[in-house]
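What follows is a single structure, written as structure tokens, with notes after it.
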Amino acid sequence: MSAAATRTVYRDALVERMGADSTAVCLDTDTGLFSGVDFGDAAARYINLGIAEHTLMGVAAGMAASGWRPYVNTMAAFAGARALEAVKIDIAYNGLPVRIMATHSGVSAGHLGPTHHALEDLAVMRVLPNMTVVVPADGASTSALLGQVAELPGPVYVRLGRKPTPSLPEDTPPPVLGLIQRLRDGGEVVLVCAGPLPVLAALEAAETLAAEDGLDVGVLHAHTLKPFDTATLTAATAGARLVVTVEEHWPAGGLGSAVAEELAEHAPRPLLRIAMPDRFVDTVGGQERLMADNGITAEGVTARMRAKLAGLAGPAGTATVPGTQTRPSP
Amino acid sequence: MSAAATRTVYRDALVERMGADSTAVCLDTDTGLFSGVDFGDAAARYINLGIAEHTLMGVAAGMAASGWRPYVNTMAAFAGARALEAVKIDIAYNGLPVRIMATHSGVSAGHLGPTHHALEDLAVMRVLPNMTVVVPADGASTSALLGQVAELPGPVYVRLGRKPTPSLPEDTPPPVLGLIQRLRDGGEVVLVCAGPLPVLAALEAAETLAAEDGLDVGVLHAHTLKPFDTATLTAATAGARLVVTVEEHWPAGGLGSAVAEELAEHAPRPLLRIAMPDRFVDTVGGQERLMADNGITAEGVTARMRAKLAGLAGPAGTATVPGTQTRPSP
Amino acid sequence: MTAVAGADTGAETSPPVAVETTPETGAAPDSEFLRETALRIRRHIVDMCAGPEGGHLGGSLSSADILTVLYFSVLRCDPAAPHDPARDVFLLSKGHGAIGLYATLAERGYFPVSELETYARPGGRLMGHPVRAVPGVEMPTGSLGHGLALGLGFALSARLASRTNRAFVLMGDGELQEGSCWEAAIAASAQGADNLVAVVDRNGLQLTGETEGIAPLEPMAERWRSFNWAVREVDGHDHEALREALASAPWEPGRPSLVVARTVKGQGLPMVAGKVHSHYATLSERMHARAVRALRAGER
Amino acid sequence: MTAVAGADTGAETSPPVAVETTPETGAAPDSEFLRETALRIRRHIVDMCAGPEGGHLGGSLSSADILTVLYFSVLRCDPAAPHDPARDVFLLSKGHGAIGLYATLAERGYFPVSELETYARPGGRLMGHPVRAVPGVEMPTGSLGHGLALGLGFALSARLASRTNRAFVLMGDGELQEGSCWEAAIAASAQGADNLVAVVDRNGLQLTGETEGIAPLEPMAERWRSFNWAVREVDGHDHEALREALASAPWEPGRPSLVVARTVKGQGLPMVAGKVHSHYATLSERMHARAVRALRAGER
Ligand SMILES: Cc1ncc(C[n+]2csc(CCOP(=O)(O)OP(=O)(O)O)c2C)c(N)n1
Ligand SMILES: Cc1ncc(C[n+]2csc(CCOP(=O)(O)OP(=O)(O)O)c2C)c(N)n1
Ligand SMILES: [Mg+2]
Ligand SMILES: [Mg+2]
């Protein structure tokens, strides 16, 4: 399986974009992502503002209001937390076309620890009006989504990683911004996932559950968290016994919440949310290990789904989701 | 009906607390909330740091780590957005007993506009591990909850308003931190609400729907958003045809999401989330008006519930929550 | 909430010129005209503070002369073409001075003066802090410490497009306790953004007291100089001094410019001038009448 | 992740004294001892950079002498009582210099030197940035611009409890581009926190280049003076000069103290010294061996 770091794929795509779009601007905060990069004729449109994340967002807003299309560069923890108020007021409120390119998301910073992890960013960005929130799952989806992001008239948050992560299967078609991508058909149990390792874990878990448990398992790739594709979700989960979300984020406010909100409002379904536990991750390890330690692997997902499915099946094989059996017919 | 501003009730309670607890410290950021206040012997423990919200959180963390119990004072927009990273790392990660007293929450800043509104704070605080998130609904519940908050060993976010809002009915017992308060019994339709105007709107809507539509309507006061009282929620909604949340917050990540998460995982139920719409509020008006403009009144809640209930009842009176009728028996 | 129409990235347009003429008479804006304009602006401020929500009286009055000079003899701007890419941009970083800005924009012709009566009234668009729905407002402000970075964004935009327009930012002195101001100050001098001009409304007071008692900002000029800005100090109520300083910026090539405008909070109203409680006021009918008389008397 | 045990709010305890004796010999920490200790710390830094993840080599080496002097001749601290309320507190605001801090804490006796081998290895507690699970680490850092406000919190805590202990904060020079540093600097001098001592590791380099090329920080000393701090500049590799400056703080009653420590990024390793790419390195076996030889040679 090939591998790529979504941030370097983005970097290379941006260099190209800067050449093609004379309104694109790259605003940097001493990240090092562009060290040694040659922007060619576009060099004047690369600006390193120093270690200054609030300023970054404010400058980007001023430039976007003047007709430029800034790509701002920082880590997810600094975009979503350190500079949040500038994102909220200067960028989101004004609906300005700033592209917030956030690297080191989730626990991809690995051993760098809690100050460099961002397990809150999706909750934070999703609550902001006017914001488009995108989570690519590998190099190919990063390229595909970036091309579409470039055309958006409003602000976008793009969640990127740090080190290479394995690619999705080669035959995966390019994702379409705003639309859930069906990676595997199946309606009995439906996995909804976002981000490199969660998507791979979900695909493999689906395979296992189909092969070993005879289940009909679907996998939905929800790369666009906002706006959320309600229609595809409700259609794909209409007959499901169980919906499962898998993500690299704390439990509140991320993909699991988005799906919970949609399902509860449009088509109540038993839901299992698999996310990073509600605590800071301060054990040493790389991204893959830290997620494995917390159950986000194919095996972990499989095991939790089996347990949940066993709980759903009552003594006489009837649904025992608390309360369902007592639902009064209206 | 009497009225009080939760922030002034808090202020008066803090003055008392500072007298009684020699480890309590009041850290201010030029808010004006304490202008003219006499802390008496505790005066040395009042410190105005100037207009410096990030510093506020860092100083509070350092003091809490040294054994003090800081009450930090700023507006909700500046606590949850401007200073978020300091809250995340310095306070939440360390689990330090800092009390974040956030005034001007929701749209209580009224005509002061989007820079002073905080419709994202609950999403932001709820995603942080170790954080207790509390939303008092009136003066009495503010006093009651503050007394309990004072004893907590970890960080707390307390969401306060700006101007006086009407009190809950006089016979309302004091809320218990961490436990949902049943304000009205009823199991057919259950309203879950938090914050002054939403609770009042919910209570009145419940009355109307009981009187006019013959429904058995319960009202739950979910003043503690984190940790969330799953047990009471699932018990109280076990037989419900519809659960409705009412809050002064944007739709993603707040009370509605907390309830959606809990229901979907523990007891799927049709849910209607009533929140401020997903856009910045920049029309002129006071808190009550801005909420009314956006449907958060007794009438608005009543109307939306009626519409939702009508949608739930299918042509033959059977449930038509999308998909429920096709749920395969396991 | 929609983005500004039209890309500002190099299209050739003829730049609007600064008002070297008064809007009404066609004559040069003499000191009398500026004085009268400032008085009208102060009158509007006082009127708005008698409205339903009151208003940020003191800081709006301390900024009134700065705004008058900027909009009537310094800024290249045209109310008829508020999005002209070649315009000079103004940002009220101390967004709580909104009523002063509204009064100035109305007097300058961005919208009818009569609209000022709608301030803080439901149905209107004049909120307690500036929002972009109001013609002439470039960016919403109100959370302190945002304006300088925004201004730098506009300044860099102009430079990238090879334009000569400037960005002006008005900050409060208490506002300078926010670290974001200094962060942007570092970036601005680092970028050599000499088309960025900042003014500090140095009225010595913040919300709860004297800046020097709460968190001192002196030596103010030295601070900015050490951040590699060009600095001038002027009497913030002296139109000619303000005009000279503002119009002639940049004073040092490659450096952003900072005007320390020494002002009095509540200037023009002896009953509140220099007093901390001037910060926010809701004027009763009686107080309003007294304030109007005081303004008139002061001008004579 | 648990709060520090025991309230630090006035209980009478006898304060630990600064190490006026070397841990091993009982003799005064002469220059030879400090030099050897710093060399051992540098050796640990180099070793950790040869581990699985590499490490922040340059900035850790530039801080090594500052940390040596602090922990071995300035701080009143006791590894046996790391939570003693009377201790001096140290915060590594430039948290990416973690390996230098770990090496120093281990040498000072907070945990076994052998544990340094576990750096960045699963199962261990030594992460890329300091966390409180590590004995001696007061606060987690790593996001730049947090240390000074935290330090002010400790300093104010001591004062409120009528204690004489101090808080020391080590910042990077690039870090000073963060506005939060200046925000805390204003609050600290406003509070007259003269038990707060900050050191800037002035190595002239940040992650991608020279600070003066990216966002200049000079005139550094003037900046801090204009923020009402007492300032001294020293050679950040001269133990005696560092010790003199740090041990004698506060230098001016009522003012926090700032040491501008002129350093070389990568100091001790000629192959990377003064080079921007020293910032982060994963040393191969060959490079590691070369580095160890260079350290030894430099010390002779
Ligand atoms: C980030 C932020 N913190 C706090 C406030 C509340 N606030 C509004 S005005 C003000 C005082 C500002 O003082 P100054 O900048 O000196 O303004 P002026 O004296 O010109 O009115 C404060 C604390 C705010 N608007 N934004
Ligand atoms: C808030 C924040 N932004 C960005 C970074 C990434 N970062 C880590 S070290 C560094 C350069 C720091 O330079 P300096 O402070 O001079 O450190 P030194 O030269 O001593 O290594 C950067 C940008 C960070 N850790 N925190
Ligand atoms: Mg002022
Ligand atoms: Mg450096």
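The figures here come from the full heavy-atom set of this structure, side chains too, leaving out hydrogens, waters and symmetry mates. As the structure is a prediction and not an experimental result, all values here were calculated from the model. Each chain gets a letter, A, B and so on, in the order its sequence line appears, and its residues count up from 1.
- Of all residues in residues 30-45 of chain B, those placing a non-hydrogen atom less than 4.5 angstrom from a non-hydrogen atom of chain D are Ala44(B), Arg45(B).
- Atom CD of Glu252(D) has more than 12 heavy atoms from other residues, nucleotides or ligands within 6.0 Å.
- The residue among Arg159(D), Gln191(D), His146(D) with the most heavy atom pairs within less than 4.5 Å of chain B is His146(D).
- Considering every non-hydrogen atom in both Ser157(D) and Trp68(B), the closest pair reads OG-CD1, 3.2 Å.
- For the atom pair CG of Asn94(B) and CE of Met139(D), the computed distance is 5.0 Å after rounding to the nearest 0.5 Å.
- Atom CG of Leu150(D) sits about 12.5 Å away from atom CE of Met63(B), to the nearest 0.5 Å.
- With values rounded to the nearest 0.5 angstrom, His83(D) atom NE2 is found 12.0 Å from Ser66(B) atom OG.
- The candidate with the highest count of non-hydrogen atom pairs below 4.5 Å against chain D, out of Ile51(B), Asn48(B), Leu49(B), is Leu49(B).
- Interface remark: Ile47(B) contributes side-chain atoms only to the contact with chain D (heavy atom separation under 4.5 Å).
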Mind listing the side-chain donor-acceptor pairs of residues 181-189 of chain D below 3.5 Å, one per line with the distance, residues two or more places apart or on another chain?
| residue | atom | partner | partner atom | Å |
| --- | --- | --- | --- | --- |
| Trp182(D) | NE1 | Leu176(D) | O | 2.7 |
| Glu183(D) | OE1 | Gly179(C) | N | 2.8 |
| Glu183(D) | OE2 | His54(B) | N | 3.2 |
| Glu183(D) | OE2 | Thr55(B) | N | 2.9 |
| Glu183(D) | OE2 | Thr55(B) | OG1 | 3.0 |
| Ser189(D) | OG | Ala185(D) | O | 3.3 |
| Ser189(D) | OG | Ile186(D) | O | 3.3 |
| Ser189(D) | OG | Phe227(D) | O | 2.8 |

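- Rounding to the nearest 0.5 angstrom, the gap separating the CD1 atom in Ile89(B) from the OG1 atom in Thr141(D) is 10.0 Å.
- The CG atom of Leu96(B) lies 5.0 Å from the CZ atom of Arg132(D); values are rounded to the nearest 0.5 Å.
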Practice item. Could you please spell out the steps behind the side-chain contact (heavy atoms from CB on, under 4.5 Å) verdict for Val131(D) and Tyr93(B)? Key: CA-CA 10 Å; Val131(D) 296; Tyr93(B) 174 35; 3.3 Å; yes
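- Contact of Glu53(B) with chain D is made through the backbone alone, with heavy-atom distances under 4.5 Å.
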